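Below is one structure, written out as structure tokens; comments come after it.
As a basis for the values below, the full set of heavy atoms in this structure was taken, side chains included, without hydrogen atoms, waters or symmetry mates. These numbers were taken from a predicted model, which means no experiment stands behind them. Order of the sequence lines sets the chain letters (A, B, ...), proteins ahead of strands, with each chain counted from 1.
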Amino acid sequence: MNSPILLQPDETFILNVGPQHPATHGVLRVKMEMSGEYIVEAETVIGYIHRMHEKMGELKTYPQFLMNLSRMDYLGALGYSHGHVLLIEKASGIEVPERAEYIRAIMVELNRVASHLFWFGAFVMDLGGFSPLMYALQDREHILDMLEGVTGSRLTYCYFRFGGLYNDVDDDFISAARRFIPRMRKSLKKYHALVTGNIIFRKRLEGIAPLSQEMCRKYGASSAVARGSGINFDVRKNEPYSVYPEFDFDVPVFHECDSLARYNVRMEEIEQSLRIIEQGLDKLPDGPIMPEKKPKLIKPPPGDYYQAVETARGSFGIRLVSDGGKTPYRLKLRSPTYSNMHLFDEACRGMMIMDALAFMGSLDLVIPEIDR
Amino acid sequence: MVTYFSEIYHGLISLFIGMAITFKEFFKPTVTVAYPYETLTMCDRYRGHTELIENEEGKPNCVVCGLCEKACPSGCITLAGEKPEGEKKKVLTTYILDFTRCSLCGSCVESCNFNALTFSKEYNLASTRKEDFIFDLLKRLEERNK
């Protein structure tokens, strides 16, 4: 039998979390220097599923690359495609019919709710509660069924096109979406009673992992990470795009800066997304979903273009440098989780390992989106 | 001291509320399906791998224009055709879909102007051999017509 290793009082050891570990939600590796239960130094190691999306963007034509965007983030795919189509439309001056814009907004918000539901389930599972995941997945399944009925796929949608949409929504979708909203509101109440009020859950998050506004700004954090630290920034409000100015919704901001604040922001965001979907369905105009003159060959004039959108994980930016050719000269993808994740190294110093893993869950990391 | 005990009291209540919710869920109807013994029907717009569409004579609608080959982002389509003597149109001789590289984006179906391609509803695709995913769509069409 092996004899136990005795550490000197000031001796540290290295703990390797991942790359295959359930708590990291993907292939993320965290190298932690530990002093007993406490983290002295942590280093996130990424790049295990790097797929060269930016390079592919330079090699493929614009319509061919459109399919890649939904492969970046498998939980909130539509938000990323939205950014890309908006950018190319801005660059090439393509007019989008109003109906298409409304449908896009409804779809993106549905996708955001689905993404937050999955995060909610996985986050609570990280903290040791299994049943909320099952309830969240059951609700999420309704959204996936709706989206599948329209787009034809459940996760990696290829639904948006330059100038409009792949196909129109039908009455089944509209009635299903209308049925879903009250159902989801009822479920939210259930989640708040089951999880938010739970004493064990609160004790594990309240006052844990405080992130100062300064740190959020330094790392370029966005989404619930920044909004949980009192930074009122949402691209949908601050740099309005698409038809978002038409909708009446609030940006939830919490000032507690802890993990619970980040949780509260996301739960409130689900409610706000439901409000947007409701208004979108009410206002949905009739008309075409593609412009009369379909853009055949996409060749944006030479120049530098940028478009930011608010995805489920934060502010996603996409920059295009065009030389007027069929393929971009350079395509830069600014993924929000990449910035959010890098907070982890600095913020988790001195934290206990279980708190650090709860903190990591509150950041809502999707690894393929970091590596891209 | 008072806050200590009130926290324990409220904490205990919150745990019982949670248990009551999970207990109620226990009596709700089952929503899952015992796959593979039961399966769900795929929706009309489900995007599986592509299939050729035939005309009334059972021949493919394809005119070998090669637009789908050009539209494919991953280069998984290889097709060839020939012009038989005395005929005006080209006739499809091979249509190979390399499904190992296909990401089911549907660009090929969208680019087709001759109503020659459609999505299949097949989703139970699993094999231990790579060759099983190199689909000869022309052969599949012939087998379907048998």
Side-chain angles (χ1 to χ4, degrees), chain A residues 56-57 59-71 81 124 129-132 134-135 137-139 141-142 144-159 161 166-170 172-173 187 189-203 294 296, chain B residues 3-26 28-33 40-50 67-77 101-111 113 118-123:
Chain A
M56 277 194 251
L59 297 175
K60 292 182 178 186
T61 62
Y62 294 95
Q64 283 180 340
F65 184 64
L66 183 58
M67 314 310 165
N68 279 53
L69 267 294
S70 51
R71 266 86 189 167
S81 312
V124 181
F130 187 71
S131 19
M134 291 292 125
Y135 303 150
L137 286 184
Q138 196 184 331
D139 283 329
E141 207 65 12
H142 285 270
L144 295 192
D145 284 345
M146 271 190 270
L147 293 179
E148 189 192 9
V150 176
T151 65
S153 46
R154 294 175 77 83
L155 277 181
T156 47
Y157 317 100
C158 298
Y159 184 52
R161 294 290 181 270
Y166 170 56
N167 51 22
D168 204 349
V169 294
D170 46 11
D172 288 348
F173 170 81
S187 296
K189 269 189 204 147
K190 182 170 81 182
Y191 297 151
H192 282 306
L194 179 66
V195 177
T196 319
N198 188 297
I199 183 80
I200 305 169
F201 179 78
R202 293 191 82 90
K203 286 278 169 194
K294 255 190 186 178
K296 278 260 152 88
Chain B
T3 46
Y4 177 76
F5 282 109
S6 90
E7 199 169 47
I8 290 179
Y9 173 72
H10 290 292
L12 268 176
I13 286 181
S14 78
L15 294 184
F16 281 114
I17 290 172
M19 275 183 220
I21 290 169
T22 37
F23 188 70
K24 262 189 243 160
E25 288 290 322
F26 190 67
K28 286 203 177 158
T30 318
V31 288
T32 47
V33 168
L40 298 171
T41 45
M42 287 290 113
C43 64
D44 295 339
R45 288 180 182 177
Y46 177 76
R47 292 206 314 252
H49 68 80
T50 50
L67 272 180
C68 50
E69 200 177 8
K70 265 184 219 156
C72 181
S74 320
C76 33
I77 300 168
R101 283 192 275 169
C102 175
S103 51
L104 300 171
C105 68
S107 300
C108 44
V109 176
E110 219 174 323
S111 69
N113 297 324
T118 183
F119 298 113
S120 73
K121 300 274 175 283
E122 234 174 276
Y123 61 95

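Taking A/N68, A/L59, A/T151 one by one and counting their heavy-atom pairs under 4.5 Å with chain B, the maximum is reached by A/T151. The candidate with the highest count of non-hydrogen atom pairs below 4.5 Å against chain B, out of A/S131, A/G149, A/P63, A/G197, is A/G149. Note: B/G11 leads B/G11, B/G18, B/G106 in heavy-atom pairs under 4.5 Å with chain A.
Looking at A/T61, there are no atoms closer than 4.5 Å to chain B (heavy atoms on both sides), in backbone or side chain. Proximity to chain B (any heavy atom under 4.5 Å) is shown, for A/R202, by neither the backbone nor the side chain. For A/K190, the parts lying under 4.5 angstrom from a heavy atom of chain B are both the backbone and the side chain. For B/A71, the part lying near chain A is the backbone, with the side chain staying farther off; criterion is any non-hydrogen pair under 4.5 Å. When heavy atoms are compared at a cutoff of 4.5 Å, A/V195 does not approach chain B at all. For chain B, the nearby part of A/Y135 is the side chain; its heavy atoms alone come within less than 4.5 Å. For B/M19, no part sits under 4.5 Å from any heavy atom of chain A, backbone or side chain.
You'll find the side chain of B/L104 stays beyond 4.5 Å of the side chain of A/T156, heavy atoms only. Between A/L194 and B/I17, the closest side-chain pair of non-hydrogen atoms is not below 4.5 Å. Taking 4.5 Å as the limit, some side-chain heavy atom of A/E148 sits within range of a side-chain heavy atom of B/M42. With a 4.5 Å cut-off on side-chain heavy atoms, B/S74 and A/M67 do not count as touching.
Proximity of a side-chain donor or acceptor of A/Q64 to a complementary backbone N or O of B/C72 within less than 3.5 Å is detected. Not one N or O on the side chain of B/R45 forms a donor-acceptor pair closer than 3.5 Å with the backbone of A/S153. Checking side-chain atoms of A/R71 against main-chain N and O of B/S103 turns up a donor-acceptor pair under 3.5 Å.
A/K203 has a carboxylate O that lies under 4.0 Å from a charged side-chain N of B/E7, or vice versa, which qualifies the two as a salt bridge.
Summarising the geometry, atom CZ belonging to A/F201 is positioned 13.5 Å from atom CG belonging to B/L15; distances are rounded to the nearest 0.5 Å. To the nearest 0.5 Å, atoms OG (B/S14) and CG (A/N198) are separated by 5.0 Å. Between atom CE of residue A/M134 and atom OG1 of residue B/T22 there is a gap of 14.0 Å, rounded to the nearest 0.5 Å. Between the CZ atom of B/R47 and the SG atom of A/C158 there is a distance of 5.0 Å, given to the nearest 0.5 Å. If you take OG on B/S107 and CG on A/L66, they are separated by 8.0 Å, rounding to the nearest 0.5 Å.
Within a 6.0 Å radius of NZ in B/K121, other residues, nucleotides and ligands contribute more than 12 heavy atoms. For B/D44, the CG atom counts as loosely surrounded, since its 6.0 Å shell holds 12 or fewer non-hydrogen atoms of other residues, nucleotides or ligands.
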